[in-house]
There are 2 protein chains.
Amino acid sequence: MTPSLPETHLEAWRRLYVSFWRVCNAAEAGLQAAGRPPLSWYDALYALYLAPGRRLRMSELARGALLSKSGLTRLVDRLEKEKLITRRTCPADGRVQHIELTPRGVGTLREIWAVYRGGIARQFAAHLTETDARDLTRILAKVTTATDPANEGQP
Amino acid sequence: MTPSLPETHLEAWRRLYVSFWRVCNAAEAGLQAAGRPPLSWYDALYALYLAPGRRLRMSELARGALLSKSGLTRLVDRLEKEKLITRRTCPADGRVQHIELTPRGVGTLREIWAVYRGGIARQFAAHLTETDARDLTRILAKVTTATDPANEGQP
DNA sequence: CGATAAAAGTTGCAAATGCAACTAAAATCT
DNA sequence: AGATTTTAGTTGCATTTGCAACTTTTATCG
């Protein structure tokens with residue numbers, strides 16, 4: 001079947017699409033200008049930062065990530081080379097890798113955030129009221145919840 | 001100065017960020033599974049489709065694009081190789097290239113859209129009411145308008 | 001228990017992307 | 001008109017990314 005897609009919804013998607021790219025491009029440009037790593041590093045480091053023990057397995061990291069499995073392996077390679085994370089084989093299951101954020105990684109996370117934050121503030125937040133922001137969150141939460149891979153199959 | 005970024009606004013950005021990736025990943029996967037070209041082709045072809053005479057210069061195409069100058073050159077190379085567009089030097093200004101959508105390009109655009117549309121409908125639109133969609137559009141229009149490169153300098 | 005299947009990551013290879021340097025054409029400035 | 005600057009795109013090179021095939025370790029089945 002062809003799912004229905006009313007014009008109102010399509011227009012909303014277009015706006016979201018463009019908003020996303022404008023903010024991200026500005027943020028990436030800012031990071032580059034400041035000599036900081038790209039957003040992909042932020043996403044991974046931040047996911048680790050939020051995790052209990054600041055540690056996740058590759059597969060858990062991949063959940064929230066925007067990369068393929070192999071892409072994540074390579075990203076973690078780079079983070080490890082910079083000593084922002086450590087990578088240890090799980091003693092209980094030899095297939096699993098434990099990725100843990102280092103103090104240095106936390107520092108880099110903060111450095112990236114200092115720049116990224118500015119991009120979000122200027123390109124995005126500056127144009128929205130408190131009510132706008134709350135409405136956006138409420139509406140988009142429906143999308144993120146419904147499409148959360150954690151809720152497989154039965155919603 | 002450090003621009004302010006209230007938690008409400010930050011949360012809205014996070015939701016937008018995740019929503020975007022969920023829908024795009026699903027759409028790209030769908031396109032790949034259907035043996036169709038990626039979204040980047042759609043964006044370029046659609047921009048041409050909307051243009052008067054279905055024709056734009058590289059620089060105009062780059063405006064709405066999510067690519068660097070060089071990235072766009074390469075994308076257009078591929079589209080040209082597939083005969084989805086034609087590329088002609090402007091007779092009036094030898095620096096300028098006119099990129100024009102071919103009928104074949106329109107066909108491919110429709111093929112991509114048939115799949116992309118399904119992704120948007122299922123991953124995004126299905127979870128939103130009419131009111132949600134209208135609110136999203138209204139709110140995000142503030143962002144897209146304010147950050148439109150066409151409105152340089154003075155907003 | 002031994003064979004088979006499944007899961008977790010990694011690697012080879014090809015495609016895509018960005019930055020910086022470059023070419024070519026037009027506009028500007030004496 | 002000739003030299004300089006600006007504009008529009010393209011190309012070289014290095015980085016990033018994804019898919020598919022592979023390795024290793026654990027789980028499952030007869």
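Atoms considered below: every heavy atom in the structure, side chains included; atoms not considered: hydrogens, waters and symmetry mates. Below, chains carry the letters A, B, ... as their sequence lines are ordered, and counting in each starts from 1. Just so it is clear, the structure is predicted and the values come from calculations on it, not from any experiment.
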- Look up atom OG in B:Ser59 and atom CZ in B:Arg95, then write down how far apart they are to the nearest 0.5 Å.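 One finds 10.0 Å between OG of B:Ser59 and CZ of B:Arg95.
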- Between CH2 on residue B:Trp113 and OH on residue B:Tyr42, distance to nearest 0.5 Å: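 It comes to 4.5 Å.
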- Residue met sooner reading DNA chain D from 5', once B:Arg57 and A:Cys90 are mapped to nucleotides: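 First, find each residue's nearest nucleotide; the 5'-ward one identifies B:Arg57.
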- Which residue lies more 5' along DNA chain D, comparing A:Ser68 with B:Leu72 via nearest heavy atoms: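 Its nearest nucleotide being more 5', the pick is B:Leu72.
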- Parallel, tilted or perpendicular: which fits the ring planes of A:Tyr17 and A:Trp21, with parallel below 30° and perpendicular above 60°?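 The arrangement is perpendicular - the two ring planes meet at more than 60°.
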- Item | Basic-acidic side-chain contact under 4.0 Å: A:Glu11, A:Arg15 |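 Salt bridge flag = yes for A:Arg15 with A:Glu11.
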Taking atom [atom2] of [N] as reference, at what distance in whole Å does atom [atom1] of [X] sit?
{"X": "B:Leu79", "N": "D:dG9", "atom1": "CG", "atom2": "C1'", "result": "16 Å"}
{"X": "B:Arg74", "N": "C:dA16", "atom1": "CZ", "atom2": "P", "result": "11 Å"}
{"X": "A:Leu67", "N": "D:dC19", "atom1": "CG", "atom2": "C1'", "result": "14 Å"}
{"X": "B:Leu66", "N": "C:dA16", "atom1": "CG", "atom2": "P", "result": "16 Å"}
{"X": "A:Leu56", "N": "C:dG9", "atom1": "CG", "atom2": "C1'", "result": "15 Å"}

- Select base, sugar-phosphate, or nothing to describe what B:Thr73 touches, counting heavy atoms under 4.0 Å on all strands.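 B:Thr73: base contact, heavy atoms under 4.0 Å.
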- Item | DNA chain C: 5'-proximal contact among B:Arg78 and A:Gln32 (nearest heavy atom) |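 Upstream on the strand: B:Arg78.
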